[in-house]
2 protein chains.
Amino acid sequence: MPLNPSRPDKQSLSAEDWAEAALEAVASGGLEAVAVEPLARALGVTKGSFYWHFASREALVRAALELWERRETVDIIRGVEEIADPYEKIVKLFKRANSSYKAGRLYLAMAAASDDPQVGEVVRRVSTLRLTYLHECYRALGLDEHEAQLWSTFAYATFIGNQQVHRDAPDRFPEGASFSEYFKLMIRTLIPRGDGVKARDDAKDGDGAVREEHPSVVSLRSPLGKTGSDS
Amino acid sequence: MPLNPSRPDKQSLSAEDWAEAALEAVASGGLEAVAVEPLARALGVTKGSFYWHFASREALVRAALELWERRETVDIIRGVEEIADPYEKIVKLFKRANSSYKAGRLYLAMAAASDDPQVGEVVRRVSTLRLTYLHECYRALGLDEHEAQLWSTFAYATFIGNQQVHRDAPDRFPEGASFSEYFKLMIRTLIPRGDGVKARDDAKDGDGAVREEHPSVVSLRSPLGKTGSDS
DNA sequence: CGCCATCAATACGCTGCCGTATGGATGTTG
DNA sequence: CAACATCCATACGGCAGCGTATTGATGGCG
């Protein structure tokens, strides 16, 4: 009786299944939660399975990090690559950052484990990539190198801080209509449109505030076979 | 020769010494680093000592949390209690938030361990307290309840995000002269002062003691000496 | 001095996780 | 069917940390 928790039949696990489970574990219990035997129990198998796919726990962590970095790297531009207007692009980035609570938790958990050199390296790369991308968006807004540096850092700090506040003081984090206002305030404040940028009014807000905890978060379909077993 | 690492002679440990060491461990290695035997080694003793002061590891964690919460609670108003001008007060708060890197790391580590219900509870209280205090500062600026809510959350998210960025992408975080500019930009942006934002010109009359006299943070001034020894 | 409290060392058993060894079950292929 | 590959179960040894029990050293105090 394999006792398969929420895994609609699949008599064989792949290495990526393990990596996926590891990411799940990180998100909900930190890096320390990536333990072979507990994970095996959660997947309804024993470690005999694990050590067939991986040489060690460290190898699993490495695989999970790789998976995570790939997804983060792709997700940075996901859904904004076709937006020409830099202003709208940044807005979209913000919108997404505030909608994926789960991805936020995962990032925070990874960042918290930066003491591990293996993890720290990837976290630095991911953070740097995000900052670089934002930087370019602000450059496209018309800011010079230096100003773009300041503003992009500012903006990034704010939305990473939002995830933190959302987690650490959920009662105090604006919800519903209040969040819409909060969101607009941030947009209005964090995207300069003075000097070289045409004025813009917040009248046309296409699809309204997206927020509201999409259950389905990111979970892209990875290029290597194995279409998601996720919902 | 007890082999006492960096503890200028003191042949006897107190419970608070252990709690202090625990906080140190959390800051540099996360909550998991609060382990009895490693801590004992670091303190140059054996666990025989520990279990005289504490009943269990959990008790140590509890003590450390208590110590931390007390300090955080005091530190919120430390150095700003005599500043009358709310604008300068917020500036000072920001300044301090960006200067104490070590305290920032400790907070992030604690927040990362919020899965532990014991920790999560304290983290929520600390975060809420900070937000509440900031909220009042913004109210004192002349903002109404709702606006103060938005701005204080915004500001808090930003400076907690700064700590995160500073840790996760140290190369990208402004330093030196660049930081001064960055800091000024944040101040200018996050503290509405008439320019660009309403509510600041509405100094209708003195006092401003409107209703809403809810239990304020300022009322706490706990009587525990022992000033922190952070750098 | 003798008594007791304080603080710490040592030794022990227990648990949880890591990694290995080995064999079993199923499927595929010649 | 035989041979092999794939995936997993079981059993084992090892280690690190938790908690307990017991003894030892030191210092104040009658």
Side-chain angles (χ1 to χ4, degrees), chain A residues 1-22 24-26 28-65 113 115-116 118-119 224-226 229, chain B residues 1-22 24-26 28-65 113 115-116 118-119:
Chain A
M1 262 311 104
L3 177 57
N4 254 338
S6 73
R7 194 159 49 92
D9 242 21
K10 183 176 178 189
Q11 75 293 8
S12 203
L13 265 50
S14 70
E16 202 175 308
D17 288 329
W18 281 96
E20 187 64 53
E24 212 85 19
V26 171
S28 61
L31 188 65
E32 315 293 326
V34 180
V36 177
E37 280 155 321
L39 276 184
R41 283 193 290 272
L43 289 173
V45 294
T46 67
K47 353 185 258 180
S49 168
F50 175 81
Y51 284 101
W52 193 90
H53 294 288
F54 295 93
S56 67
R57 174 189 180 272
E58 195 196 331
L60 171 62
V61 172
R62 182 167 24 248
L65 281 171
D115 309 313
D116 183 312
Q118 203 176 180
V119 177
L224 24 122
K226 164 81 174 73
S229 59
Chain B
M1 248 319 146
L3 178 56
N4 253 339
S6 72
R7 195 158 46 91
D9 245 19
K10 183 176 178 188
Q11 76 293 9
S12 203
L13 265 51
S14 70
E16 204 175 302
D17 288 329
W18 281 95
E20 188 64 53
E24 211 85 19
V26 171
S28 60
L31 187 65
E32 314 293 326
V34 181
V36 177
E37 280 157 318
L39 275 184
R41 282 193 290 272
L43 289 173
V45 295
T46 67
K47 19 183 229 178
S49 167
F50 176 80
Y51 284 101
W52 193 90
H53 295 287
F54 295 94
S56 67
R57 174 189 181 270
E58 194 196 332
L60 171 62
V61 171
R62 182 165 26 249
L65 282 171
D115 310 312
D116 182 312
Q118 203 176 181
V119 177

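In what follows, chains carry the letters A, B, and so on, assigned in the order in which the sequence lines appear, proteins first and then strands, with residues in each chain numbered from 1. Values reported hereafter were calculated over all heavy atoms of this structure, with side chains retained and with hydrogens, waters and symmetry mates removed.
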Exercise. Between atom OH in B:Tyr51 and atom P in C:dC7, what is the gap in whole Å?
Worked result: 18 Å

Exercise. Taking the side chain as C-beta and beyond, is there a heavy-atom pair between A:Val61 and A:Val26 under 4.5 Å?
Worked result: no

Seminar exercise, completed: Closest non-hydrogen atoms of B:Arg57 and B:Val34, given as atom of the first, atom of the second and distance, are NE-O, 2.7 Å

For this session: Nearest whole angstrom, please: distance from the C1' of D:dT26 to the CG of B:Leu13.
Result: 15 Å

Problem set entry | Closest listed nucleotide, where the reference is the side chain of A:Pro38 and the choices are C:dC17, C:dA8, C:dC12 | C:dC17

For this session: Could you tell me whether B:Glu58 and B:Arg62 have a side-chain N and a carboxylate O separated by less than 4.0 Å?
Result: yes

Seminar exercise, completed: Note: for A:Gly48 and A:Ala35 on DNA chain C, the residue whose nearest nucleotide lies more 5' is A:Ala35

Seminar exercise, completed: Which of D:dC18, D:dC8, C:dA9 is nearest the side chain of A:Thr46? It is D:dC8

Problem set entry | B:Arg41 vs D:dG17: side-chain N/O to OP1/OP2 distance below 4.0 Å | yes

Exercise. For the pair made of CH2 in B:Trp18 and C1' in C:dC7, what is the distance, rounded to whole Å?
Worked result: 11 Å

Exercise. For the pair made of NZ in B:Lys47 and P in D:dA21, what is the distance, rounded to whole Å?
Worked result: 13 Å

For this session: Nearest-nucleotide wise, let me know which of B:Val34 and A:Phe50 is further upstream toward the 5' end of DNA chain D.
Result: A:Phe50

Exercise. How are the rings of A:Trp18 and A:Phe50 set to each other: parallel, tilted or perpendicular (split at 30° and 60°)?
Worked result: perpendicular

Exercise. How far apart are the closest heavy atoms of A:Ala63 and A:Phe54, and which atoms are they?
Worked result: CB-CE2, 3.7 Å

Exercise. Is A:His53 near enough to D:dC8 that one of its side-chain N or O atoms lies under 4.0 angstrom from OP1 or OP2?
Worked result: yes

Exercise. Of all the choices, D:dC7, C:dC17, C:dA8, which nucleotide is nearest to the side chain of A:Trp52 once you look at every atom?
Worked result: D:dC7

Problem set entry | Gap between atoms CD and P, on A:Glu32 and C:dC18 respectively (whole Å) | 11 Å

Exercise. Choosing from C:dC12, C:dC18, D:dC8, which nucleotide comes nearest the side chain of A:Arg57?
Worked result: C:dC18

For this session: Would you mind reading off the distance between B:Glu37 atom CD and D:dC15 atom P, rounded to a whole angstrom?
Result: 15 Å

